[in-house]
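Pasting a structure here, questions to come.
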Amino acid sequence: MPEPTRQELEHWDRQIVWHPFTQMAEYEPLILERAEGCMLVDIDGNRYLDGVSSLWCNIHGHRHPRLDAAIREQLQRVAHVTSLGSSNPTTIKLAKRLVDLAPPGLGHVFFSDDGATAVEVAIKMAFQYWRQRPEPRPEKTCYLALGEAYHGDTLGAVSVGGVERFHAMFRPLLFETLRAPAPDTYRLPKGVSREGALAYYLGQLEQLLAEHHRRIAAMVVEPLVQCAAGMIVHAPGYLRGVRELTRRYDVLLIADEVAVGMGRTGRLFACEHEGVSPDLLCLAKGLTGGYLPLGATLATDEIWQAFLGSYAESKAFFHGHTYGGNPLGAAVALATLEVFEEEQTLARLEPKIAGLGEHLERIARRPHVGDVRQRGLIGAVELVRDRASKEPYPWAEKRGIRVCQFARTQGVLLRPLGNVLVIMPPLAITPDELDRICTAVEQGIVAVTEGEEG
Ligand SMILES: Cc1ncc(COP(=O)(O)O)c(C=O)c1O
């Protein structure tokens, strides 16, 4: 096949490639061809700072020499072998490394392909666990999740998800999930103060657990920040409260760290901030530094034990994905963890987190900024039509998208969540690059909410 022209690529990208979460009738191709560090380069040679880490997964930058080399080295041995009944040294080493680093008690790793499958695995493991443990509780078949939750797009993950715009369409296909309110500290229920928020939300959760715990297999939460929900930052102490309540009511806790894990919040795992060990922990995205698809579900020994038995007992976990535990993914995941140590990524993140905070504080003064939120290197700016009433801009006005379009003219690539602008660059971003991203966001906000367009 001869090398296609630029026009052909664009045409095929519009007509043949079906992009996720994208209205293809309006899609304007952006074809990224290369990258260096935190900079992406399109087919015309235009350069963009990767302001959302290629959808929240890049950690140490693109084309990191250590990560590139890890994949090349693994390629010299084997690209893929199955995990169904066999193994590979690289995948085994990664599993060992993960259990050594993870919150205490998580001694076993089930590999899958991505975030959604890591969550599916946790959901199904929880279900099967209750049926097979020494004192079975087969009535535990229902799940508890948070309002606005997003855990991926396969049907189990959608069942525990609660983002109306994405999930309402599929409701007839989903299993039952009870929903506790998202512990949102910006849009508080009537009569609840910021100071009273933690007690209120934990109280709501306890009511649900008290009433339904007998039939709840597990509660699924994204620790500290509900990312796709619009970067809803939880009241401090909420996660710890969830852990205490789920223990008290004999409900498993699934921590979905697909987005918040791998250093994003300033610690390797978000659960560490509140000293929490979940029963199941889901990882993906940054697990491979943002290089290759790989999911991991970590489980406690108690859960693992419930699946042991003779072949004839049929107690194995009947779930698997062809590429689960793929050695190339495992190689780059191991290298990603090594780079965290070699480059002291987390220690060097602290001033960047502080820098992001300063930018957000300034941006918060713009008249159409309702709220700014931050946790680690996750920054969010919520645009509102009216600050006092917190009235959102109508979805169809595409304010967030328009700010990002402006930022792109400044060489910064972003992707909003409705009216919420997301600043989530690779952890390797330099302070100067971070300044450029935040400046582009602020200028975009001014242009789209205060300028002629506003
Ligand atoms: C918290 C959370 N869980 C699960 C997923 C799904 O991950 P993936 O897109 O790799 O399937 C995402 C993706 O954004 C996520 O943010």
Side-chain angles (χ1 to χ4, degrees), residues 18-22 52-59 110-126 143 145-163 165-167 170 177 182-183 218-234 238-239 242 253-265 269-271 278 280-298 319 321-326 329 332-333 336 373 375-380 414-418 420 422-424:
W18 196 334
H19 289 265
F21 286 99
T22 302
V52 285
S53 328
S54 298
L55 240 303
W56 316 344
C57 63
N58 193 282
I59 303 280
F110 188 98
F111 287 111
S112 58
D113 303 336
D114 51 38
T117 55
V119 172
E120 292 288 340
V121 165
I123 289 171
K124 288 177 71 181
M125 255 181 197
Y143 292 82
L146 296 178
E148 308 297 315
Y150 179 81
H151 298 289
D153 290 324
T154 53
L155 285 178
V158 171
S159 294
V160 292
V163 182
R165 190 172 300 278
F166 303 163
H167 299 154
F170 301 108
T177 298
M219 175 169 182
V220 189
V221 282
E222 225 185 320
L224 310 189
V225 187
Q226 283 178 248
C227 293
M231 302 300 166
I232 295 178
V233 175
H234 294 176
Y238 184 75
L239 182 66
V242 166
L253 175 59
I254 301 173
D256 176 354
E257 292 222 15
V258 168
V260 296
M262 300 305 289
R264 186 49 68 183
T265 63
F269 300 104
C271 281
L280 292 152
L281 178 99
C282 306
L283 297 173
K285 286 193 186 279
L287 178 58
T288 59
Y291 266 55
L292 285 170
L294 184 70
T297 306
L298 279 65
H319 184 109
H321 299 278
T322 302
Y323 287 106
N326 171 265
V332 73
T336 296
R373 304 187 269 276
R375 193 78 212 227
L377 207 62
I378 302 172
L414 299 169
R415 187 172 167 89
L417 293 159
V420 177
V422 175
I423 303 171
M424 204 155 159

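Counting starts at 1 for both ligands and their atoms, following the listed order.
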Taking the ring centre of each residue, are Y323 and F111 less than 6.0 Å apart?
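Ring centroids of Y323 and F111 are no less than 6.0 Å from each other.
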
Ligand 1: protein residues within heavy-atom distance under 4.0 Å:
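Answer by chain and number: W56, D114, G115, A116, Y150, H151, G152, E222, D256, V258, A259, K285.
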
Determine whether a donor-acceptor pair (N or O, by modelled atom type, separation under 3.5 Å) exists between the side chain of Q226 and the backbone of V233.
no

Would you say that S53 contacts I59 through its side chain, given a criterion of any heavy-atom pair below 4.5 Å between the two side chains?
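Side-chain contact under 4.5 Å: no.
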
Under 30°, 30 to 60°, or over 60°: which ring-plane class applies to H167 and Y150, parallel, tilted or perpendicular?
parallel

Within 6.0 angstrom of F170 CZ, more than 12 heavy atoms from elsewhere
no

Check whether any side-chain heavy atom of H234 lies under 4.5 Å from a side-chain heavy atom of R375, and answer yes or no.
no

